[in-house]
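Beneath this line is the structure, given in structure tokens, with notes to follow.
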Amino acid sequence: MAALRRKFGEDYQVVNTNRPTSFSAPVKKKRQRFVDKNGRCNVQHGNLGGETSRYLSDLFTTLVDLKWRWNLLIFILTYTIAWLVMASMWWIIAYIRGDLNHGHEQSYTPCVANVYNFPSAFLFFIETEATIGYGHRYITEKCPEGIILFLFQSLLGSIVDAFLIGCMFIKMSQPKKRAETLMFSQDAVISQRDGKLCLMFRVGNLRNSHMVSAQIRCKLIKSRQTPEGEFLPLDQCELDVGFGTGADQLFLVSPLTICHEINPKSPFFDLSKRSLMNEQFEIVVILEGIVETTGMTCQARTSYTEDEVLWGHRFLPVMSLEEGFFRVDYSQFHSTFEVPTPPYSVKEHAEKNSLPSPLSTPTPALTEGHGSRRDRVFSVDCISTEEERGHQGVAGGRLPSKLQRMSSSGKEDLQRKVLLLSSQHSEKACSTGDLPLKLQRLSSSSGPEAENRLQLKSLKVGFEPMTQSTGDLYQHSLAPTLAPAPAPMHSPLLSGAGRLEDKLPAKLRKMNADR
């Protein structure tokens with residue numbers, strides 16, 4: 001146990017799955033199984049009516065399928081009745097010819113020598129049928145009916161021997177007992193393997209002789225109702241155990257764990273730990289292969305009900321490396337230990353992952369701010385009317401009406417100039433007469449460097465406010481001298497605003513300076 005904990009960790013616990021004590025489940029009434037643990041199918045056929053005659057049409061298979069006690073009874077009765085009937089026919093021939101009364105006379109030649117009664121006729125038949133030939137009783141040449149009966153006896157004896165002995169040989173050589181040396185785990189488990197939820201069980205071969213072309217299949221037996229209202233009792237559904245990948249083809253020289261991946265195509269897609277307690281189903285496992293020693297096909301079966309499926313368990317390893325060989329410890333073949341397993345179904349897990357994360361969705365404030373900033377940089381027409389009204393309300397409240405009209409006219413002139421500047425890169429033939437002189441010189445200069453500078457200047461224009469007071473313009477003009485900031489940006493807005501301040505009367509300039 002200590003070695004196991006060192007190997008798998010302190011969180012894992014070995015559980016005896018003969019009757020699990022750590023896994024608490026509600027006590028359920030034991031129900032009828034469709035297939036027993038030993039592979040016997042609990043199905044009986046009744047009310048056949050006139051279909052019973054079909055069994056006699058295949059008499060050989062019927063005799064092979066019978067139980068051993070009925071086979072032995074039929075074997076003994078068939079030989080006993082055949083011997084008695086043939087002995088009676090030899091006794092009848094001796095009685096009709098009068099051999100029973102004159103058998104002891106030396107001058108009389110009977111049909112069968114030394115046959116005086118029924119026991120002697122019975123012994124003659126046994127000696128002839130078994131080819132013992134003691135030589136005391138023998139058939140003579142003066143008995144043609146005895147010769148014909150002897151031929152019929154030989155033919156009938158060969159037919160009976162071939163039928164009964166062949167039936168017994170086939171029944172004895174059936175590989176049903178070979179299936180008893182193929183083991184299945186007592187319980188199936190559900191846990192994660194390679195990051196996927198899987199249903200698993202274990203199979204093993206107790207003999208050293210191999211199972212050639214071993215293949216495993218699984219069937220889910222569960223009653224269901226169709227959308228049309230039809231009830232299907234014991235409906236059979238195939239469970240994929242690796243048919244597409246070839247994992248169902250087994251090399252069964254050591255115990256193997258068979259895995260069924262629970263995915264959207266699996267009937268257990270919506271099965272969770274809680275719903276497992278209320279489900280009613282049965283998993284039938286069929287293992288087929290060719291017996292290496294006899295070359296006959298063998299089939300082993302077992303089943304798992306919902307009570308025999310353990311959620312959050314894993315099988316204990318049974319393979320160990322010894323000196324020169326691998327050792328299998330079958331004492332731990334049925335043992336499992338608990339592992340961390342999510343209690344919800346694969347469907348619930350998929351729905352949970354499909355929901356959008358709050359961190360991945362952008363907030364409206366950030367989205368609106370980023371979008372408005374990008375709109376201000378790349379397009380002047382996208383400026384909202386509310387922002388214009390806000391800027392006008394703030395700046396215009398401090399300016400006289402004449403300055404407000406001059407600012408609004410300067411803003412319209414600025415929008416027109418920036419639009420012409422942004423289209424300068426794509427339209428080379430546009431007129432630059434409306435632009436400031438410095439921008440005209442930049443646009444007239446050729447080369448990619450001039451174009452990049454022009455684009456950069458046009459982008460920087462969009463960050464400036466559209467309406468500014470003369471006091472703000474004065475502070476901007478004093479900022480380069482007061483703080484070691486980068487060189488001021490020569491934009492049409494600043495130069496245009498400066499020229500507007502120079503056009504003001506001296507009284508207004510003095511009022512603005514006092515403010």
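- Taking CG from D329 and CZ from R327, the interatomic distance works out to 7.0 Å, rounded to the nearest 0.5 Å.
- D36 contributes no side-chain N or O that, together with a main-chain N or O of N38, makes up a donor-acceptor pair within less than 3.5 Å.
- Within the 3.5 Å criterion, the main-chain N or O of F124 finds no donor-acceptor partner in the side chain of E127.
- Here the options are E306, Q236, E279, the test is side-chain hydrogen bond (donor to acceptor under 3.5 Å, both in side chains), and the partner is K222; only E279 passes.
- Of the possible donor and acceptor atoms, none in the side chain of S185 sits under 3.5 Å from a partner among the backbone N and O of F201.
- In terms of modelled atom types and a separation under 3.5 Å, the side chain of T181 and the main chain of L206 share no donor-acceptor contact.
- Legend: residues meeting disulfide (SG to SG under 2.5 Å) with C218, ordered by chain and number and at least two apart, are absent.
- Considering CG of L63 and CZ of F60, their distance stands at 8.0 Å, rounded to 0.5 Å.
- Considering I92, L100, I93 in turn, I92 is the only one that fulfils the side-chain contact (heavy atoms from CB on, under 4.5 Å) rule with I96.
- R97 meets the side chain to side chain donor-acceptor pair (under 3.5 Å) test with E145; sequence neighbours excluded.
- In this structure, W311 contributes its side chain and P342 its backbone to a donor-acceptor pair below 3.5 Å.
- To the nearest 0.5 Å, atoms CG (L252) and CG (L182) are separated by 6.5 Å.
- Ring geometry, F281 versus F268: the interplanar angle falls from 30° to 60°, so the pair is classed tilted.
- Judged by distance alone, with hydrogens and angles left aside, the side-chain atoms of K171 form a donor-acceptor pair with the main-chain N or O of L66 at under 3.5 Å.
- Note on K347 versus D270: no salt bridge recorded, every NZ/NE/NH1/NH2 to OD/OE distance being 4.0 Å or above.
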Would R33 and S303 count as a side chain to side chain donor-acceptor pair (under 3.5 Å) if you check the C-alpha gap in whole Å, the side-chain angles of each, and the deciding distance to 0.1 Å?
-> CA-CA 8 Å; R33 304 177 71 103; S303 67; 2.8 Å; yes
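- Salt bridge E308/K37: present, at least one basic N to carboxylate O contact under 4.0 Å.
- Between the S209 side chain and the E292 main chain, no donor and acceptor come within less than 3.5 Å of each other.
- A side-chain donor-acceptor contact under 3.5 Å links D99 to the backbone of C111.
- A side-chain donor-acceptor contact under 3.5 Å links R202 to the backbone of F333.
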